[in-house]
Amino acid sequence: MRWSQAFIPTLREAPADAESASHILLLRAGYVRQLSAGVYSYLLLGQRSLLKIIAIVREEMDRIGQEFYLPALHPAELWQASGRWTGMGDNLFRLKDRFQRDLCLGMTHEENMAAIAAGELRSYKQLPQIWYQIQTKFRDEPRPRGGLLRVRQFIMKDAYSFDLDEAGLDASYQKHHDAYCRIFDRCGLRYLTVEAHSGQMGGSQSQEFMAVSPAGEDWIASCRGCGYAANLEKAESTPPPPAEAEQDAAPEAFATPGQRTIDEVSRFTGLPAAKLIKSLLYMAPAARAGGEAEWQPRLLLVRGDDEVNETKLLTLWPEARPAHPAEIEQYTGAPAGSVGPVKLRHPAVKLYADRALIGRRGLVAGANREGFHLRGLTPGRDFQPEWVEVRQVRGGDACRHCGQPLEVQPAIEIGHIFKLGRKYSQSLNVRVLDEHGKEAVPIMGSYGIGMERILTAAIEQNHDAQGFWLPPAIAPFQAVVSIVNTGEAAMLQAGERIYAELRRLGIDALLDDRNERPGVKFKDADLIGIPWRITVGKKIASGEVELGKRSRPGAETVPADQAAADLARRLHADG
RNA sequence: CGGGGCGUAGCGCAGCCUGGUAGCGCACCUGCCUUGGGCGCAGGUGGUCGCCGGUUCAAAUCCGGCCGCCCCGACCA
């Protein structure tokens, strides 16, 4: 394509409302324009890049499954069948048709796919099935952000597997895992596969594909020693032991007037936060014989310098909430800040403690009396908690599997694979006859990749002050041919020749034939994400041009008539 | 939804406190000039000052309401 004919609206300055590198650069490079919060138009470059990403995803998915195309517009009944019409809450875009019938825009397609399966699958002989689509998804995000990172409309590859039994599901899951690795490898991303929290989707196993980036919204813990990696929502570790040996001592109350937070008590007592116990009262629903839920007070103890991970907590105690101030007084006898595990006012309070407190001695906690704390506390001797795992893993914690220190870093979720179970096949009535002629409910898996997130992550991982460079496989053009001065016949002709040769070799090239000053062309070329550049300048007098890789400074001089073939070889060799 | 910020030309911003002529840089158009890192000179085009209402002789500016966008948090397969 000729730049003089192309619509590539580059911006010299960053738009005021863009913050992250990818957001700024997508706008500056003319890839996208924003229509409203979390809704973007993809222009020439953005669309070309996404089409290349989609092509890779399609190729790899076709190796393991079959492509469908399902509606984005769904009747409410479909979502009511699975319970997600109400369960999904405000994240689901809802609308009404002219007859006031309820509809929604699909955010995923488990129901839709299961409905097709329910209507058509009859026999175990038809299994396994892997069905996928590449479709626009809609989510009414409470806060869209970061350019294309979290949006309300985006393109997703979503796949669904149907198997007769767990072993079949394991195989389908593994196929997706392998396909995803091939996809992200081909897209040139630096990523990790991590154990993930299954969330409301339920299911037995799930993994996320995470592109490491400071712009990421998720945090992952990973171990260089053994390869263990997990989302912080699920990660486990062994915290470093306390610095000094701890002594047994008898519990003893002491006054701590006005000292409420861990920080305050730590400063007041001169003890490190690790010697304190943080005591948090939660209310959690416990099933009762009558079916009615009973709200139970539960005191959760964690190390003073630890944080509770909300996701872990809610996995342990679904629907639990922090107790209100009145409840805290009622059950413990003290306001928040003086609460502890010993001498609780109300016998109904159940005690739980994070495993990081196992084996600790001589600790300090609230005395359940306003303005007083207890020292000399030893878990297991002075109180008997049930041990749980709720603390947030921190960088430097020891790996559970090999003891090496864990690294904690932010990452962008680019893919997620799930063993779903039978929730959707059950509720949408998917039934097949097994080999014994008995009715069986197939077991499902669900697997997603966010197309825009691949582009976003690639930019976040490959940029500098001047712009960015995409891996050639997903760049809108693999190379740009910059003609320094189109007014010079020799340069113009050489540029045209190289451009034609590149096209003949099957290389997507952009010919910068604009009547602009060299500085403008170079700045633009550096900005817009094209990985290779051939510069046709004054060296053409001796039959030479320059070949430069955007990710590296500098360029080398090559014979003009070799330049295209040279580039083709390099693209083939190392991208 | 809570906290913070912003809304003035296509983009980036000043002007608002202290009411009275809407301004700067870039971009864009014309001409000349220039061609290895966003040239130079000259002349131009372009703005319902987010919207509605109020105060006032007079509102970008003061007051009230609303809308939109961004950031932090909450939320989030």
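Small disclaimer: the values here were computed from a predicted structure and weren't measured. Proteins come first, then strands; the chains are lettered A, B, ... in the order of their sequence lines, and each starts at number 1.
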Could you say whether Asn515(A) or Glu208(A) is positioned toward the 5' end of RNA chain B, judged by the nucleotide with the nearest heavy atom to each?
Asn515(A)
Quick check against the 3.5 Å criterion: does Ser427(A) have a side-chain atom that pairs as donor or acceptor with the backbone of Lys423(A)?
yes
State whether the distance check finds a donor on one side and an acceptor on the other, under 3.5 Å, for side chain Asp524(A) versus base rG38(B).
yes
Which pairs with one or both residues in residues 478-497 of chain A pass side chain to side chain donor-acceptor pair (under 3.5 Å), sequence neighbours excluded?
Arg2(A)-Glu496(A)
Name the nucleic acid region contacted by Asp90(A), choosing base, sugar-phosphate or nothing; use a 4.0 angstrom heavy-atom cut-off, strictly under.
nothing
Looking at Arg517(A), does any N or O in its side chain come under 4.0 Å of the phosphate oxygens OP1/OP2 on rU34(B)?
no
Paired nucleotide for rC24(B) [Watson-Crick or G-U wobble; both distances under 3.5 Å]:
rG12(B)
In this structure, how many angstroms lie between the C1' atom of rG36(B) and the CG atom of Leu547(A), rounded?
17 Å
Please report the distance, rounded to the nearest Å, between CD1 in Ile414(A) and C1' in rA77(B).
16 Å
With Ser161(A) as partner, the option from Ser446(A), Ser172(A), Pro442(A) fulfilling side-chain contact (heavy atoms from CB on, under 4.5 Å) is Ser172(A)
Would you indicate which nucleotide in rC11(B), rG38(B), rG36(B) comes nearest to any side-chain atom of Pro15(A)?
rC11(B)
Identify whether any heavy atom of Arg28(A) sits under 4.0 Å from a base atom; if not, whether one sits that close to sugar-phosphate; answer base, sugar-phosphate or nothing.
base
Less than 4.5 Å apart, side chain to side chain, heavy atoms only: is that true for Arg84(A) and Glu110(A)?
yes
Residue met sooner reading RNA chain B from 5', once Met491(A) and Asp158(A) are mapped to nucleotides
Met491(A)
Look at the side chain of Glu546(A) against the base of rG36(B) and say whether a donor-acceptor pair falls under 3.5 Å; ignore hydrogens and angles.
yes
Atom pair distance, as rounded to whole Å: CG in Leu149(A) and C1' in rC76(B):
12 Å
When you compare rG5(B) with rU45(B), how far apart are their P atoms, in angstrom units rounded to a whole number?
39 Å
B/S/- contact track for nucleotides 66-73 of chain B, protein heavy atom under 4.0 Å:
---SSBBB
Any heavy-atom pair between the side chains of His74(A) and Leu92(A) that's under 4.5 Å?
no
Lys/Arg cation over aromatic Trp295(A): Arg321(A), 6.0 Å, 45° cone:
yes
Which pairs with one or both residues in residues 24-46 of chain A pass salt bridge (Lys or Arg N to Asp or Glu O under 4.0 Å), sequence neighbours excluded?
none
Measuring only the C1' atom in each nucleotide, how far is rG47(B) from rC39(B)? A whole number of Å is fine.
29 Å
With a 6.0 Å cut-off on ring centres, are Phe184(A) and Phe209(A) close enough?
yes
Contact class for Gly537(A) (heavy atom, under 4.0 Å): base, sugar-phosphate, or nothing?
base
Specify the separation, in whole Å, of atom CD of Glu141(A) and atom P of rA77(B).
9 Å
When you measure only distances, ignoring hydrogens and angles, does the side chain of Arg533(A) come within 3.5 Å of the base of rG36(B) through a donor and an acceptor?
no
Using the C1' atoms only, state how far rC62(B) lies from rC49(B), rounded to an integer number of Å.
16 Å
Could you let me know what rG43(B) is paired to, Watson-Crick or G-U wobble, both distances under 3.5 Å, or none if it's on its own?
rC29(B)
Can you tell me the distance, in whole Å, between the CH2 atom of Trp219(A) and the C1' atom of rC76(B)?
18 Å
So what does Lys538(A) touch, heavy atoms closer than 4.0 Å: a base, only the sugar-phosphate, or nothing?
base
Inter-nucleotide C1' distance (rU61(B), rG7(B)), Å rounded
15 Å
Rounding to an integer number of Å, can you tell me how far Asp526(A) CG sits from rG38(B) C1'?
11 Å
Work out how far the P atom of rG65(B) is from that of rG4(B), and round it to whole angstrom.
15 Å
Which whole number of Å gives the distance between the C1' atom of rG2(B) and that of rA74(B)?
8 Å
Provide, to the nearest angstrom, the distance between the OH atom belonging to Tyr173(A) and the C1' atom belonging to rA77(B).
13 Å
Taking any strand in view, what nucleotide pairs with rC76(B) in a Watson-Crick or G-U wobble way, both distances under 3.5 Å?
none
Rounded to whole angstrom, note down the P distance from rU8(B) over to rU55(B).
27 Å
Using the C1' atoms only, state how far rG38(B) lies from rC26(B), rounded to an integer number of Å.
10 Å
Spacing of Met156(A) atom CE relative to rA77(B) atom P, expressed in whole Å
12 Å
So if I take every side-chain heavy atom of Thr535(A) and compare against rG38(B), rC76(B), rG36(B), which nucleotide ends up nearest?
rG36(B)
Is the base of rG25(B) touched by the side chain of Glu13(A) through a donor-acceptor pair closer than 3.5 angstrom?
yes
Should rU35(B) form a Watson-Crick or G-U wobble pair with both distances under 3.5 Å, which nucleotide is its partner?
none
Quick one: are the ring centres of Tyr180(A) and Tyr191(A) less than 6.0 Å apart?
no
Would Phe162(A) and Trp131(A) count as a close aromatic pair, with their ring centres under 6.0 Å?
yes
Return the pairing partner of rC62(B) with a 3.5 Å limit on both distances, Watson-Crick or G-U wobble; otherwise return none.
rG54(B)
